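Working notes for the structure below.
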Amino acid sequence: QVQLVESGGGLVQAGGSLRLSCAASGLTFSTNTMGWFRQALGKEREFVGGIRWTDSYTYYTDSVKGRFTISRDNAKNTVYLQMNSLKPEDTGVYYCAARKGVVVVTMNYDYWGQGTQVTVSS
């Protein structure tokens with residue numbers, strides 16, 4: 001059974017930082033592309049960024065470029081989302097997801113975590 005468990009969310013002031021972690025089990029983590037998504041209250045879930053398993057290529061949506069960094073530790077079956085210079089508009093539930101293949105930018109991921117809340121106060 002595949003499980004993705006996010007942690008590290010919380011309340012932070014604008015300009016602050018958080019690091020989210022996503023621990024994976026039940027899958028061959030090293031051959032899965034990993035993605036981060038977020039969903040603000042009343043809005044659709046959106047793609048934040050992802051990291052490809054073959055070469056650790058990363059992609060970020062424009063609104064987080066230069067502020068967020070995704071990395072992975074295959075030995076720990078964990079993917080991270082380092083978030084700096086946080087803004088109130090970054091508030092939402094953050095989800096990690098896993099998929100086979102090399103496509104990073106897609107909503108079509110195979111497995112999803114339960115999400116962790118990030119709240120950025122102004």
Side-chain angles (χ1 to χ4, degrees):
Q1 180 182 357
V2 176
Q3 281 194 315
L4 302 176
V5 180
E6 302 95 337
S7 60
L11 173 64
V12 63
Q13 287 189 332
S17 298
L18 283 174
R19 189 176 82 153
L20 305 184
S21 300
C22 171
S25 60
L27 51 71
T28 305
F29 180 81
S30 60
T31 59
N32 271 261
T33 290
M34 301 299 295
W36 284 98
F37 297 78
R38 66 186 180 189
Q39 188 167 18
L41 195 62
K43 295 188 176 181
E44 292 188 352
R45 190 172 299 186
E46 66 170 341
F47 176 79
V48 173
I51 183 166
R52 193 161 58 197
W53 69 270
T54 52
D55 55 2
S56 291
Y57 163 83
T58 53
Y59 179 89
Y60 304 93
T61 195
D62 285 346
S63 62
V64 308
K65 281 181 182 175
R67 299 188 297 122
F68 290 12
T69 303
I70 297 172
S71 61
R72 64 190 297 159
D73 185 337
N74 289 340
K76 296 182 178 180
N77 285 3
T78 301
V79 62
Y80 304 98
L81 178 64
Q82 177 67 43
M83 305 185 293
N84 299 328
S85 302
L86 282 162
K87 304 175 182 180
E89 52 263 44
D90 295 318
T91 294
V93 179
Y94 282 69
Y95 300 88
C96 74
R99 71 181 308 274
K100 293 289 189 183
V102 299
V103 173
V104 176
V105 186
T106 175
M107 297 298 290
N108 188 25
Y109 275 66
D110 301 311
Y111 306 104
W112 295 82
Q114 83 290 347
T116 186
Q117 176 70 43
V118 171
T119 303
V120 184
S121 64
S122 57

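Along the sequence shown, the residues carry numbers beginning at 1. Just so it is clear, the model here is predicted, and its values are computed rather than measured.
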Item checked: Backbone N/O of V5 and side chain of Q114: donor-acceptor pair under 3.5 Å -> no
Notebook entry, point to check: Between Y59 and I70, what is the shortest heavy-atom contact and its length?
Noted result: O-CD1, 4.5 Å
Note to self: Minimum heavy-atom separation for S56 and R72, please, with both atom names.
What the structure shows: OG-CD, 4.2 Å
Check: Are L81 and V105 connected in a single hydrophobic cluster, I mean Ile/Leu/Val/Met/Phe/Trp/Tyr linked by side-chain heavy atoms less than 4.5 Å apart?
Finding: no
Item checked: Check: T91 main-chain N/O paired with T119 side-chain donor or acceptor under 3.5 Å -> no
Notebook entry, point to check: If you round to the nearest 0.5 Å, how far is CG of D110 from NZ of K100?
Noted result: 8.5 Å
Note to self: If we ignore hydrogens and angles and just use 3.5 Å, is the side chain of R52 paired with the main-chain N or O of Y57 as donor and acceptor?
What the structure shows: no
Expected list for residues 37-45: side-chain donor-acceptor pairs under 3.5 angstrom, two or more places apart:
unit_1	atom_1	unit_2	atom_2	d
R38	NE	E46	OE2	2.6
R38	NH1	D90	OD1	2.9
R38	NH1	Y94	OH	3.0
R38	NH2	E46	OE2	3.2
R38	NH2	S63	OG	3.4
Q39	NE2	K43	O	3.0

Check: NZ of K76: more than 12 outside heavy atoms within 6.0 angstrom?
Finding: no
Item checked: Other cluster members, V102 - Ile/Leu/Val/Met/Phe/Trp/Tyr, side-chain contacts below 4.5 Å -> W53
Checklist line | Closest approach of V79 to I51 (non-hydrogen atoms, all atoms of both residues) | finding: CG2-CG2, 4.1 Å
Next item on the list: Calculate, to the nearest 0.5 Å, the distance between atoms SG and CD belonging to C96 and E6 respectively.
Entry: 4.0 Å
Checklist line | Shortest non-hydrogen contact from Y60 toward K65 | finding: O-CE, 3.0 Å
Margin query: Quick check: is M107 connected to Y95 through a chain of hydrophobic side chains (ILVMFWY, heavy atoms under 4.5 Å apart)?
Written below: yes
Check: So, the side chain of S71 versus the backbone of Y80: is there a donor-acceptor pair under 3.5 Å, distance only?
Finding: no
Notebook entry, point to check: Does any non-hydrogen side-chain atom of V104 lie less than 4.5 Å from one of F47?
Noted result: yes
Notebook entry, point to check: Got a donor-acceptor contact below 3.5 angstrom from the N32 side chain to the M34 backbone?
Noted result: no
Note to self: Quick check: do V103 and Y109 have side-chain heavy atoms less than 4.5 Å from each other?
What the structure shows: no
Show me the donor-acceptor pairs within less than 3.5 Å that the side chains of residues 8-30 make with the rest of the protein, sequence neighbours left out.
unit_1	atom_1	unit_2	atom_2	d
S17	OG	N84	OD1	2.9

Next item on the list: Might you confirm whether atom OH of Y111 has over 12 heavy atoms from other residues, nucleotides or ligands at distances under 6.0 Å?
Entry: no
Next item on the list: Spell out, yes or no, whether W36 and F68 are grouped together once hydrophobic residues are joined by side-chain heavy atoms under 4.5 Å, including indirect joins.
Entry: yes
